[in-house]
Chemist: 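I have a structure I would like to understand better, so I am pasting it below and will then ask my questions one at a time.
Computed from heavy atoms alone, side chains included, the values below leave out hydrogens, waters and symmetry copies. First the proteins, then the strands, lettered A, B, ... as listed; each starts at 1. The structure displayed is predicted, hence computed values, not measured ones.
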Protein chains: 2
Amino acid sequence: MEKPLETLIVDSILDAIADQRLQAGTKLGEQALSDIFACNRVHVRRALSMLTAWQVVDHLPNRGAYVATPTPQDARDVFQARRAIETTICRNVVRLASAPDIAALHQHLALEDAARGQDNRPAKIRLSRGFHTLLARIGGNSVLARYLDELTMRSSLIIGLYATGPDTLCAEDEHARIVAAIEARDEARTLALLDEHLRHIEAGIRFDEKPPLLGTLFNVLGPAR
Amino acid sequence: MEKPLETLIVDSILDAIADQRLQAGTKLGEQALSDIFACNRVHVRRALSMLTAWQVVDHLPNRGAYVATPTPQDARDVFQARRAIETTICRNVVRLASAPDIAALHQHLALEDAARGQDNRPAKIRLSRGFHTLLARIGGNSVLARYLDELTMRSSLIIGLYATGPDTLCAEDEHARIVAAIEARDEARTLALLDEHLRHIEAGIRFDEKPPLLGTLFNVLGPAR
DNA sequence: TGATTATGGATTGTTAACAATCAGTGGTAA
DNA sequence: TTACCACTGATTGTTAACAATCCATAATCA
C-alpha cells in the first residue's frame, strides 16, 4: 500500500471541480477538510499545495485556499493551449491507435450516448471530459496527457463561470465524428474536427462576470464522497 | 514583502538544474537543505513538494527527494511537447511582438554572442534557455509560458544525461535566424526554423545510459549561492 | 568465505502545542 | 447616521519534540 491520504483528498477535490460540484471561489478551509477526511491538518495542507500547483486552487497567505477563479484572459490562454496540445495528441492517436484503443473509444461514445438519454448532468460533464483524457492516454505522450488533465480541469472551472446557454457541453455527435476520422486514419480530417470542436466549446462561453453562488463545502465533499 | 523563503529555495534549485550544476539523481536531503538555506525543515519540505509538482524532483516515500532522472521515453515526450507548445508560442510572437519585444530579442542575441566568445558554459546554457522563455513571455500566453518553463527545465536534465558531443547547446545562429523571421512577420519561416531548431537539439541526444557523476550538494548551493 | 541477519545511526514522517494574522463585531465619537 | 477604532473569535503559519522507516556496518552461522 502506498499512502492514499493526500492523494484521496486531491482526487476528491479534482473530481468535484471537474464535475462542477465545486465552484470557483469556494473557500477550502483547512479545518473543514480535516474534519471531512478525518485526517491531520498537515495532510490537507499538502493536498492544497498540490492543487495550487495544478492551478486550480489559489492560495492567499494567511487567508486560506480558494478554488481558483480564472480570468477571461486565463480562459483564452487555456483554450489556446488546449488546441496546441490536443492537436499533437490527436496526431499521435491517428498514428498509433490500436484496435483495442478504437474499441475503448467506441465504448466511451456509448457511455456518452447513454448519459445523454438520462438527465444526469454530472455524468455528462465527467464523460465529456473523459473523452479528451482518453484520447490523451491513447496518444501515449505522458507529458501532454498530464497537461491536458490540468487544462480540462481548468476548463471545467471556466465553463462553470462563463458559460452562456444551459447546455454548453460537448455537442451531440462531435466526439463520434472525431472517432470516425481517427478510425479512418484521416489525420487532416481528425485535426479539423478537433479544432472545430474546441472552438465550438470556446464559443459557448462569454466573458462577463457571473455570481459565485457557492454551496457549502460539506454538502459537496462530506457524506459518502 | 511576500514570503520569499520557499520561493528562494525553489528558484535556487531550479537555477542549479537549469544550469546543469545539479545533475539527475542527486539526493536533496532535507537536513542538508535546511542547513544551506538556514531555515526550518518544513520550508524545505514545501519547496521539495513544489519541485515534485514541476516534475524535476522525484519523491520516494521514506527515502527522500532526488533530482529527477528522465527516461528516454520522458525525453521523447518532453521534446514533442516542446514542439507543440513552442509552435503556438511562436505563432503568437509573430502576430503580436511589439518593437520593444523585438529589441529585447536582439539584446538577448547580443548577450548570447558575448557568452559564446567567452568560455562560460553555465552562462551559455542559461542564455540558451532564456531565449526560449523570452519568446514564451512575448507570446503572451501564461499557460504555455509556464509549461515551457517546466519543459526547458526538464530539457536541461535530459541534455545533461543523454547529450553526446561536448557542445550540444543551441546552435550558433539558429536563434538569430528565428528572430529575423519573426521581425519579418514571416510565420511559415519562423515555424520552420523553430521546428528545425528543436529537432536539431533533440538530434544531439542519444538514448544510452550515462554515469550520474554527482557533486556534493553543498558545493553547488552552499556558499554565496 | 559467503550469505543472512541484528543493530546503530541517520533521515523522513507525524503529532500537538504555540504564535501570528485576519475577518467580523461592537462601541465610541464626531 | 457614519466613520473610525479596539477587541474577540477563528483560521492560518510555525516550531519543536516524538515516532517510524531505511541504509549501512558489523556480527553470526553454514
Chemist: Please check if any side-chain donor atom of B:H43 sits under 3.5 Å from a side-chain acceptor atom of B:E6, or the reverse.
Modeler: no
Chemist: For the side chain of B:N62, counting heavy atoms from C-beta on, which of C:dT12, D:dT15, D:dT14 is nearest?
Modeler: C:dT12
Chemist: Please determine whether a side-chain nitrogen or oxygen atom of B:R46 lies at a distance below 4.0 Å from atom OP1 or OP2 of D:dT14.
Modeler: yes
Chemist: Answer yes or no: side-chain N or O of A:R63 and base N or O of D:dG13 forming a donor-acceptor pair under 3.5 Å.
Modeler: no
Chemist: Could you verify whether a donor N or O on one side chain and an acceptor N or O on the other, from B:S156 and B:R129, lie under 3.5 Å apart?
Modeler: no
Chemist: In whole angstrom, what separates B:L28's CG from C:dT11's P?
Modeler: 14 Å
Chemist: Please state how far atom CD in A:E6 lies from atom P in C:dT14, giving the value in whole angstrom units.
Modeler: 7 Å
Chemist: Measure from the side-chain heavy atoms of B:H43 and tell me the nearest of C:dT15, D:dT14, D:dT11.
Modeler: D:dT14
Chemist: Could you work out which one of C:dT14, C:dT15, D:dA16 sits closest to the side chain of A:V42?
Modeler: C:dT15
Chemist: Name the closest nucleotide to the A:K27 side chain, picking from D:dT11, D:dT14, C:dT14.
Modeler: D:dT11
Chemist: Send over the distance from B:R41 CZ to D:dA17 C1', rounded to a whole Å.
Modeler: 11 Å
Chemist: Within this structure, what is the CZ-to-C1' distance between A:R45 and D:dT12, rounded to whole angstrom?
Modeler: 6 Å
Chemist: Can you list everything that forms a salt bridge (Lys or Arg N to Asp or Glu O under 4.0 Å) with A:E150? Sequence neighbours excluded, please.
Modeler: A:R146
Chemist: Would you please indicate yes or no on a ring centroid separation below 6.0 angstrom for B:H175 and B:H108?
Modeler: no
Chemist: Within the structure, does a side-chain N or O atom of A:H59 lie under 4.0 Å from either OP1 or OP2 of D:dG13?
Modeler: yes
Chemist: Rounding to a whole Å, what distance do you find between B:Q31:CD and C:dG9:P?
Modeler: 17 Å
